[in-house]
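Below: one structure, written as C-alpha cells.
For clarity, every value in this text was computed on a predicted model and none was experimentally measured. Naming: A, B, ... by sequence-line order, numbering from 1 per chain.
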Protein chains: 2
Amino acid sequence: MISVLLAEDQAMVRGALASLLALEGDLEVVAEVARGDEVLTAARAAEPDVVVLDIEMPGRSGLEAAEDLRRELPGTRVLIVTTFGRPGYLRRAIDAGACGFLLKDAPASELAAAIRRAHAGEQVVDPGLAVAALRDGVSPLTAREHEVLVSARESGTIADLAARLHLSPGTTRNHLSSIIGKLGVANRAEAVRMAEERGWL
Amino acid sequence: MISVLLAEDQAMVRGALASLLALEGDLEVVAEVARGDEVLTAARAAEPDVVVLDIEMPGRSGLEAAEDLRRELPGTRVLIVTTFGRPGYLRRAIDAGACGFLLKDAPASELAAAIRRAHAGEQVVDPGLAVAALRDGVSPLTAREHEVLVSARESGTIADLAARLHLSPGTTRNHLSSIIGKLGVANRAEAVRMAEERGWL
DNA sequence: CCTATGTCATGACGAATGTCACGGGCAGGT
DNA sequence: ACCTGCCCGTGACATTCGTCATGACATAGG
C-alpha cells in the first residue's frame, strides 16, 4: 500500500484526483492540502510515501515545498504535477530533489503509474520537456536582476519600481537594460513575458 | 439518468472529473473532448443532457462553444467550470446562455450537485462572483479598441502592433491612449493586465 | 438634417524609457 | 596583488510612448 499526500489548490481538481487515485487498489490518499505552506506540517503528521505537488499554490509554491521536504523529510518521494510545461520549472523541480515531473496534459492513468514508479525510486520525467529544458538552459539573470524583473511584473513606472526596491531610478534602468539585453528582447514587458514562459520568474 | 458531455483540455483533470462523476449513481459521462471546436460535433453525436465546459481550451473557448450549443442544440444545458473567477467571464457565460458558472475552487462535491440543478432547469451561479460582475460592469472598450488591446498583449513595440493591425502608428497610439483613459491606468501593459483580470480580453 | 459616435490619420509636445560611458565598492578566484 | 563579476550610482543621449488638438469619413438615431 502506497500512501499519498495530495497538494493542489483547486478544490474540485484535488477532489477529482483523490477519487481517481481511490480507484487504484494499491494507493491511498492519506492527506490533502490546498496551500503550499501546509505541505510540510501535513507531511510530518501523515508520513506519506509519496507527495504529489502542484506548483502554482497560495502561500508557498510547490517547488519551494519540494525543497522543504527534501530538507526536513528526506525519505519522502516528491512528484510535481503542474499545468505549465515551463522548462525552467522542470529544472528547478529537479534541483529541488523531485523524483518526477508530470503535466496535467498527460492522461489520467499516468498519475497512478508515476506514483508507483516514484515510490520504486525511479525518475519520471516528460521527455519532450526535458529536451526543452536543455535547449533553453538556465536563466542568464543574476539574483538581483531576477528580483528586479519579478518586481517589474507588478509595478507600473520605473519610479515605483525603484522605490519598491530601494534603488535609484538610474540603477533600476540599468538593471532592466541588462536584463533586456541578456534576453534579447525590446521591452521590459517582453522581458517579463519571456521569463514567465520559460519558467524563470 | 443524466448524461454528461465533458469538455476540458487537460487530460488528467478531465479523467479525474470523469472518475469523480462516475461515482454518482445518477450521472453518466457519455462523451469527453479536449478541444473547444470538438464540442458541437460531439454533442450532436452523444446528445447529452448537460454539457460541462472549461473556458480556456485550444481551438475554441468554452464561451464560444456555449454560444454554438445554444444556437444549434438549444435543448442542452450548459455548465461552465473554470479556473478563473473573472467577472467578465461570468457575464459572457450568461450572455451565451449558460445555465451555471462554477469555479474549480469549489469543492468537488458541488460539481455533481450543479449538474443536477442545471438539468432541473435551475441557474447555478457563485454569488460572490455575481456581485463582482455587477460591480465591474461591462467592458467600456469599443470593438476596435478590444482588438487593439488583444494584439497589444502579444506584440512589443507600437510599430509591430500597427503593422499587424494594418494601421498607422499614430492611430494605434490614439486607440491605446483612449483605452488607457477608459481603464484609468497608466500604461498599455497595465491596461492589458486589468482587462485580463476582469475577463475583458 | 443634424448630431453623436467610432474609425483613421497627422503633427507636435512632454514625459518615460532604453542605452551608453563612466566610476566606486565589494566579493571570489588565480 | 590582481583580475573579474556583480551591485550601485550618475549623467547624457536618442528613441519610444502617451497626450492633445485637429480634421476627414462613415454610420446610426433623433
Report each atom pair, protein N/O against N/O of nucleotides 25-30 of chain D, whose distance is under 3.5 angstrom.
none

Round to the nearest Å and state the distance from B/Arg144 atom CZ to C/dT5 atom C1'.
16 Å

Pairing of A/Glu8 and A/Arg14 as salt bridge, 4.0 angstrom limit:
no

Using only side-chain N and O atoms of A/Thr142, determine if any of them is under 4.0 Å from OP1 or OP2 of D/dC7.
yes

Where along nucleotides 14-21 of chain C does protein come under 4.0 Å, by heavy atom, of base (B) or sugar-phosphate alone (S), with - for untouched nucleotides?
---BBBB-

Euclidean distance, atom NE2 of residue A/His146 to atom P of D/dC6 [Å, nearest integer]
16 Å

Does A/Thr171 place a side-chain N or O at less than 4.0 Å from the phosphate oxygens OP1/OP2 of D/dC8?
no

Before giving the answer on salt bridge (Lys or Arg N to Asp or Glu O under 4.0 Å), spell out for B/Glu67 and B/Arg70 the whole-Å C-alpha distance, their side-chain angles and the decisive distance to 0.1 Å.
CA-CA 5 Å; B/Glu67 289 173 18; B/Arg70 183 184 46 174; 5.7 Å; no

Could you check how far CD1 of B/Ile179 sits from P of C/dG6, rounded to whole Å?
13 Å

Check: A/Tyr89 and A/Leu63 side chains under 4.5 Å, non-hydrogen atoms:
yes

Quick test of your reading of the model: are A/Arg193 and A/Glu196 salt-bridged, counting only N-O distances below 4.0 Å?
no

More than 12 non-hydrogen atoms from neighbouring residues, nucleotides or ligands closer than 6.0 Å to CD on B/Glu154, yes or no?
yes

SB check A/Asp54 A/Lys104 (cutoff 4.0 Å):
yes

Ignoring hydrogens and geometry beyond distance, is a side-chain donor-acceptor pair present between B/Ser178 and B/Glu145 at under 3.5 Å?
yes

In whole angstroms, how far is the P atom of D/dG18 from the CG atom of B/Leu183?
13 Å

Over 12 non-hydrogen atoms of neighbours within 6.0 angstrom of CD in B/Glu47
no

Please give, in whole Å, the distance from C/dA9 P to B/His166 NE2?
11 Å

